[in-house]
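Notes for the one structure printed next.
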4 protein chains.
Amino acid sequence: MGTPGSSGVPRPSTKGRPRDSSRDLAILDATLALLTEVGYEQLSMEAVAGRSGAAKTTIYRRYPDKAALVAAAVERRGPAKPPPPRGKNLRADVHALTAWLARNISEQDVGLLGALFTGMRNDPRLAQAMRRILRRDETAMTDNLGHPTAEPLAPGAATLFAEVAPALIVHRVVVVGEPCDAAFVAHLVDDILLPLLRRT
Amino acid sequence: MGTPGSSGVPRPSTKGRPRDSSRDLAILDATLALLTEVGYEQLSMEAVAGRSGAAKTTIYRRYPDKAALVAAAVERRGPAKPPPPRGKNLRADVHALTAWLARNISEQDVGLLGALFTGMRNDPRLAQAMRRILRRDETAMTDNLGHPTAEPLAPGAATLFAEVAPALIVHRVVVVGEPCDAAFVAHLVDDILLPLLRRT
Amino acid sequence: MGTPGSSGVPRPSTKGRPRDSSRDLAILDATLALLTEVGYEQLSMEAVAGRSGAAKTTIYRRYPDKAALVAAAVERRGPAKPPPPRGKNLRADVHALTAWLARNISEQDVGLLGALFTGMRNDPRLAQAMRRILRRDETAMTDNLGHPTAEPLAPGAATLFAEVAPALIVHRVVVVGEPCDAAFVAHLVDDILLPLLRRT
Amino acid sequence: MGTPGSSGVPRPSTKGRPRDSSRDLAILDATLALLTEVGYEQLSMEAVAGRSGAAKTTIYRRYPDKAALVAAAVERRGPAKPPPPRGKNLRADVHALTAWLARNISEQDVGLLGALFTGMRNDPRLAQAMRRILRRDETAMTDNLGHPTAEPLAPGAATLFAEVAPALIVHRVVVVGEPCDAAFVAHLVDDILLPLLRRT
DNA sequence: AAATAACCGAGACGGTACGTCAAGTCTTGAG
DNA sequence: CTCAAGACTTGACGTACCGTCTCGGTTATTT
């Protein structure tokens, strides 16, 4: 991908002036900020350069194009930690997890989806990377679900949760166009998720 | 929106030379064709003009910008008719409906989502229009579900189906990035949809 | 030229509804007004149509293009009458004539020159027409010069005056870019015109 | 004006990639060529870009609009050198100078006048620049007139020549619309210029 | 009186060119 | 070799007029 963390291809090349790592931060910070401000389509490389104080060359030396830059910026942010389950009450745990997920997707992942669409057409490998990031965030909660065994769950319940909950939240935000408020989260938990987790 | 299909408000304006409806067709056809060929982002007004044989001004007279053009092009296409339920076997009916929905979304609605993202930032009313079209397609099947009563369903089952099935299919295509093949449809029907429809 | 006054080619055609002569006036008035307001280049047929209340078709039915329209508008204005010579004092007569000419050229003919330049490239016959109008205005004063014989003049003095005076005034306004004020007129009369008229 | 030739103000800006001077040449050459081929009105920025091989943005980076581009193109051409006076025969000197001037104006300055008219309305400072160029060319001959003193001349004779000769030549070409042939030059010299220069 | 024909307004149509913006590449000088 | 700055090509944007072409409707003359 050409990101600094990647190992092989783009040769960190021991000779010459070393890359200024403060530039990495500035670039990715500016990208994230602009991404949430104006969205993916309206985000211009020129604006990233301007805000970060870096030259366009410096950005293009690191990332081959806009989509890669956005991918790197979002990847760096890292998977936010989901709230740990209390373990006593299954509904409370699922509800907390769902609410946290709804907030995360609404606030952060929407911008990513724009990048995904562009990337899908231009460079399948890039689309793959975007998907990996999105999936990483979505599946981050799988591990913590049902561990302390509040209640016996069907086998594959965690996987099922990780499949259904994000899908419905994304659909709500993007296609339906209404916010993931408390009522929606409750509906999601009580009418869809819990029946599936218990009965499967 | 000013699209030809809209009633009343934008004054068909009896004065002056009437619009050439063959231009409408040519423009929308070219738009749909290019949309599926190159996707929303790569679709340029210049290309639409070129392929349709219409001048750019003729397009801009009808639609204020690219997003409105795409919205109109997709709206015209109309909601494809879902397969009618046989009524004997609930699983067979749900499966047929889901498979049909998966095919439709994979083939047609993906391009729309790109338009939706751009429209969300630029013009909320446009985003609203795009959502309306997407929802219209998604809810088209609601009416036909469970009518001949193959099996007693939970109240609100149809609504629930219209909420969950499209969400998971879109998520599969866009975020997961894998095709909605037979195995996935079966999984969707047997592990998620049928349990919800029967038990709620 | 296609102007209503012209005799031959475009057939006033006795059949059918006759042309509305009020449209002629409105069109030519609007043209003259816009010509002085924004100049020849910035004058658009659309603006003439808008201001005159006539449709573009109505204008193009009368004049084949912008240059012809402007030519007709200026021609209609007609040659302003130069002041009659008093006859007693040659210098006074020449001065009055020159001052009148300077005013006329500054105020009216400047717009024409733009049309002339366009016409020169596009349609030599049109350029010819523009020149005829300009020359008609310029030579209008020839007849009245020196008739009551204030002073014996060289043969061809009137022709010489009609050749030199307009040339210097046009040059002053267009190329030098300074106004034809009293000082310039006096210089023109005393240092150039009178010596030529008396001595040739 | 921001033209490359201007000193100081517009910051040559030592930072960044310097402007490619070969682009300057290509652009101005193409402009001059097209100017003489099709005239000012028909000269399009797109054509200049095409012929010069430069992108439109490269042209617009240097010149704010068409008139400024034309001004720069003409300015670069520089004042053609008038023929040096032989000094023996005043009439021969004046005739040579006049013939040279007639040729120059007919061939080159006519296109400039079109630019001047547009510029006059759009930007007075630009019109000023165009006038400066035209005047520079016209007054280029003043210095060489009468220096070797072929014959005693009236004071201010050179200035008078620079005022009258160009005016009559421009008028002949533009307004009268007839060529500055040998007969006209002779008439100009013998009937107008020499009497003025000798007697004033 | 009816038919015909040219007129008129309005405005759509295919074009050409405009001047702007952003993308991604290239070229300088400095470190 | 990196960095900031900015010039460069490319291609699309949305706008303004051009000159032509329907429309529905309006006068006139001719049959």
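Here is the naming used below: chain letters follow the sequence lines, and residue numbers restart at 1 for every chain.
Within the 4.0 angstrom heavy-atom criterion, no nucleotide atom of any strand lies near A47(C). Using a 4.0 Å heavy-atom cutoff across all strands shown, G53(D) reaches sugar-phosphate atoms only and no base atom. Among the heavy atoms of the strands, none lies under 4.0 Å from A49(A).
Checking dA17(E), dT9(F), dC18(F) against every side-chain atom of E46(D), the shortest atom distance belongs to dA17(E). Distance from the side chain of S44(B) is smallest for dA12(F) among the nucleotides dA17(E), dG19(F), dA12(F). Considering only side-chain atoms of D20(D), the nucleotide from dC8(F), dG24(E), dA5(F) that sits closest is dC8(F).
Considering R62(D), R61(D), R19(D) as possible partners of D24(D), the one that fulfils the salt bridge (charged side-chain N to carboxylate O under 4.0 Å, His left out) test is R62(D). Checked options R23(B), R76(B), R77(B), R51(B); the residue passing with D29(B) is R76(B) (criterion: salt bridge (charged side-chain N to carboxylate O under 4.0 Å, His left out)).
Taking only distance into account, the side chain of K56(D) meets the base of dG19(E) through a donor-acceptor pair shorter than 3.5 Å. Residue T57(C) places a side-chain atom within donor-acceptor reach of the base of dA10(E), judged by atom type and a 3.5 Å distance cut-off alone.
Closest heavy-atom contact between A72(B) and Y63(B): CB-CE2, 3.4 Å. Nearest heavy atoms, A30(A) versus S52(A): CB-CB, 3.7 Å. For L43(A) against K66(A), the heavy-atom pair with the smallest separation is O-NZ, 3.0 Å.
Straight-line distance from the CD1 atom of I59(C) to the P atom of dG11(E): 15 Å, rounded to whole Å. Nucleotide dC18(E) holds its C1' atom 13 Å from the OH atom of Y40(D), rounded to whole Å. We find that OH of Y60(A) is positioned 14 Å from C1' of dG6(F), with the value rounded to whole Å. If you measure from atom CZ of R23(B) to atom P of dC23(F), you get 14 Å, rounded to the nearest angstrom. Between the CD atom of E41(D) and the C1' atom of dC18(E) there is a distance of 15 Å, rounded to whole Å. As rounded to whole Å, 15 Å separates atom C1' of dA17(E) from atom CG of L69(D). As a whole-Å value, the separation of I27(D) CD1 from dC8(F) C1' is 11 Å. Whole-Å rounding puts the Q42(A) CD to dC13(F) C1' distance at 13 Å.
Distances shorter than 4.0 Å separate some side-chain N or O of R62(A) from OP1 or OP2 on dC3(F). Note on T58(B): every side-chain N or O is 4.0 Å or more away from OP1 and OP2 of dA12(E). Phosphate contact (OP1/OP2 of dC8(F), side-chain N/O of R61(D), threshold under 4.0 Å): present. Look at R17(D) and you won't find any side-chain N or O under 4.0 angstrom from OP1 or OP2 of dA5(F).
Comparing M45(B) and P18(B) by the nucleotide of DNA chain F that holds the closest heavy atom to each, the one mapping nearer the 5' end is M45(B).
Side-chain contact between V74(A) and L35(A): present, with at least one pair of heavy atoms (C-beta onward) separated by less than 4.5 Å.
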